Amino acid sequence: MQEVLVLSTIYLGAAVLTVPLAARFGLGSVLGYLMAGIFIGFVPGIGSDTQELQHVAEFGVVVMLFLIGLELEPRALWDMRDRLIGLGGMQIGLTTVLIMGAAMALGQPWPTGLAIGLVFALSSTAIVLQTLTEKGLIQTQGGRSTFSVLLTQDIAVIPMLALLPLLAIPTPVQIGADGSLQPANTDHAEDAAHHAMSLVEGLPGWGVTLVTLGAVAAVILTGTFMTRPVFRYIHQARLREMYTALALLMVVSIAVLMQLVGLSPALGTFLAGVVLASSEFRHQLESDLEPFKGLLLGLFFITVGAGIDFDLLLSKPVTIIGLAMGVIAIKGAVLYLLARMFRLKPRDRWLFTLGLAQAGEFGFVLLSFSSQQAVLGPSLTATLLLVVALTMLMTPLLFILYEYLSRRLEDTHAADHPADEIDERGTVIIAGIGRFGQVVNRLVQSAGFSTVVLDTNLGTVQTMRKFGFKGFFGDPTRPDLLHSAGLDEAKVLVVGLDDRAAATRLVRYARSARPDLHIVARARDRIHVYELYQAGADDIVRELFDSSLRAGRYVLENLGLSEFEANEAEMYFYHHDRAALRTLAELWKPGVPITENPEYVAKSKELANELETALAGNFDVNTVAKERLGAAGGRSKT
């Protein structure tokens, strides 16, 4: 018990220290977990014994694939068939052949080369999906293509496991005590057989096939017909933890069943997730298992880092690092070729290429299985395990490279398309045509006023033109473009740029060039409001403020207030907040956190108490608020 507590303290402590640090520097949580594992690897007596813990941690991959399956209905899988078979199948085939050829060129026989090719054809589902989700890239074209290939790879593990025993190196023999010829390492084989549980051991080929198909059918039928009555039975207990227990029971039992018939537990749980994707219990299962997935995946990444054999790495650094870079180069070349064949855009092309260039966690499974089946020797297996771990360790760095290339592509794309020549001038200049600017532009134009739209996103401008709205490509913060758009004659400037620093800079310049110009600006938050206020904006609209007020009014109406009462409360809050923001803007100090500004904090508390007292009273709050706003004077704030 004490040993378990010590190990838990060390692993959790390392994760708590390194993961937030990695996230703060923009490296992602995966690299933080891997670094924690590397630190643990140097702890005497702990880092060297991670194999048993890694078996537990691999359950995180199983849970993750179950949750992925819950997001995919069978119809969605059928709609993805072209990418699953075409993109994913070609990636596995080409990568396997090229790496097999490279292994044979290094002196390996073709069966060993084929086994190595199969191992490195797979990528890391755990790391890649975790990173894509964290960075918000999963819904991009490159992210969806990456997911399709990962899904194909996970499915391909089954035929790979079936093929590997056929590649076994002829078993060496030794002379027994009675003079007969016997297979070498008999004791080890007997010990493994003694401890392994299997439903297919000793069965003929047709028997193995029937049992395997029966296990898959059992998962499908149970998920289809047994889930509803079981959940109904659990619901009668009215205990929240029973839902979690049932979710874990489903995943664990399916994983055990798959292992008993020699299939991948991760693939079995993925299949179960797909079966349950259309059920009404999908969201309940997701919420119950999500915390376990995150913790177990983190533990899996830690064990990968802790399992790196630095003694072996230091004994052959050039060879092992060269092999790791070679694998990434070969896979990257295949992926880039496929990305061009399937006409991915340049940014998505690099996401697809760099995101899948590493080896994956199933590589550990295939290498272990290959070693047991005498396909690979012990020394070669140890080297390949280290290569797999190193490529996984490089994955976060590959995503950092993608972000750098993405920015370069954006800059190059902009450079290749010089700013448009602005041949129109309007009463209103709109800088930035995102969701905010689009609505403003449509409203102003529909009222009969002319606008000039500027934006740095060429794709957005081109999309506008397809729908009949004219816009100009160029940087609105450039003074020459602003004056070409009619800054000297315009009545209103609307600033809707996503870059808050650029928006503040634009407001400051426009105010200095045109003191009489009315400036309407979008702010990200209160601090940005204060920055824009000091820069000279007249009307400042905070993101989500008006929609939040409307939602609050609906809440009050459903809590028993009449529509009139809820509207009065909403309007008072609206006017009070505008006036309060005007007052607090005078107290805000640039570069000083608001929590360390005592005058700001004191005034904020006073205004909050005033608001609470006023809303609790029964008087004409709207009139009072308007009077307060009029007394405050100056520019209005929202």
Side-chain angles (χ1 to χ4, degrees), residues 16 19-26 134 136 431-432 434-436 477 493-512 518-553 555-556 569-617 621 624-638:
V16 169
V19 174
L21 191 63
R24 179 175 298 180
F25 286 98
E134 284 183 0
R435 292 173 297 175
F436 176 85
T477 62
L493 169 65
V494 179
V495 180
L497 301 177
D498 289 330
D499 187 338
R500 59 187 297 165
T504 305
R505 192 165 60 250
L506 173 57
V507 170
R508 185 175 293 111
Y509 174 79
R511 177 56 62 209
S512 65
H518 194 91
I519 302 175
V520 180
R522 181 189 69 174
R524 288 298 184 96
D525 48 39
R526 278 179 173 264
I527 303 301
H528 197 203
V529 169
Y530 303 149
E531 294 172 350
L532 291 170
Y533 173 77
Q534 290 191 354
D538 294 288
D539 292 307
I540 305 171
V541 182
R542 271 178 290 159
E543 290 182 348
L544 305 179
F545 181 71
D546 291 325
S547 57
S548 300
L549 279 181
R550 189 184 309 170
R553 188 182 76 227
V555 172
L556 293 177
E570 177 192 6
M571 293 306 299
Y572 180 77
F573 186 95
Y574 169 74
H575 291 295
H576 180 278
D577 190 80
R578 292 174 68 192
L581 213 57
R582 161 68 171 79
T583 302
L584 293 173
E586 302 290 344
L587 299 175
W588 177 71
K589 299 177 181 179
V592 178
I594 58 176
T595 55
E596 298 178 10
N597 185 338
E599 295 84 3
Y600 182 97
V601 172
K603 192 64 177 179
S604 180
K605 289 181 178 179
E606 177 187 334
L607 293 171
N609 291 333
E610 179 184 317
L611 173 64
E612 185 177 351
T613 302
L615 289 178
V621 293
V624 173
K626 288 182 177 179
E627 291 175 354
R628 174 179 169 78
L629 183 63
R635 296 189 295 271
S636 60
K637 297 287 162 293
T638 298

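This one's a predicted model, so the numbers in the text were calculated from it and none came from an experiment.
- Here CD1 of Ile519 is found 9.5 Å from CG of Leu532. Values are rounded to the nearest 0.5 Å.
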(request) Starting from the C-alpha separation in whole Å, work towards a yes-or-no answer on side-chain contact (heavy atoms from CB on, under 4.5 Å) for Leu584 and Leu607. (result) CA-CA 10 Å; Leu584 293 173; Leu607 293 171; 4.0 Å; yes
(message) If you apply the rule salt bridge (charged side-chain N to carboxylate O under 4.0 Å, His left out), what do you find for Arg511 with Asp538, and how did you get there?
(response) CA-CA 10 Å; Arg511 177 56 62 209; Asp538 294 288; 2.7 Å; yes
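- No side-chain heavy atom of Trp588 sits under 4.5 Å from any side-chain heavy atom of Val529.
- Here Asp498 does not pair with Arg435 in a salt bridge; the nearest charged N to carboxylate O distance is not below 4.0 Å.
- With sequence neighbours left out, Arg524 forms a side-chain hydrogen bond (donor to acceptor under 3.5 Å, both in side chains) with Glu543.
- Using a 30° and 60° split on the angle between ring planes, Tyr530 and Tyr600 fall in the perpendicular class, above 60°.
- Here the NE2 atom belonging to His575 is positioned 9.5 Å from the CD atom belonging to Glu570, to the nearest 0.5 angstrom.
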(request) Please step through side-chain hydrogen bond (donor to acceptor under 3.5 Å, both in side chains) for the pair Arg505 and Tyr509, ending with a clear verdict. (result) CA-CA 6 Å; Arg505 192 165 60 250; Tyr509 174 79; over 6 Å; no
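- With sequence neighbours left out, Asp525 forms a side-chain hydrogen bond (donor to acceptor under 3.5 Å, both in side chains) with Arg500.
- The distance from atom CG of Leu549 to atom CE of Met571, rounded to the nearest 0.5 Å, is 9.0 Å.
- The CD1 atom of Ile594 sits 8.0 Å away from the CZ atom of Arg526 when rounded to the nearest 0.5 Å.
- Interatomic distance, Glu586 CD to Glu599 CD, rounded to the nearest 0.5 Å: 13.5 Å.
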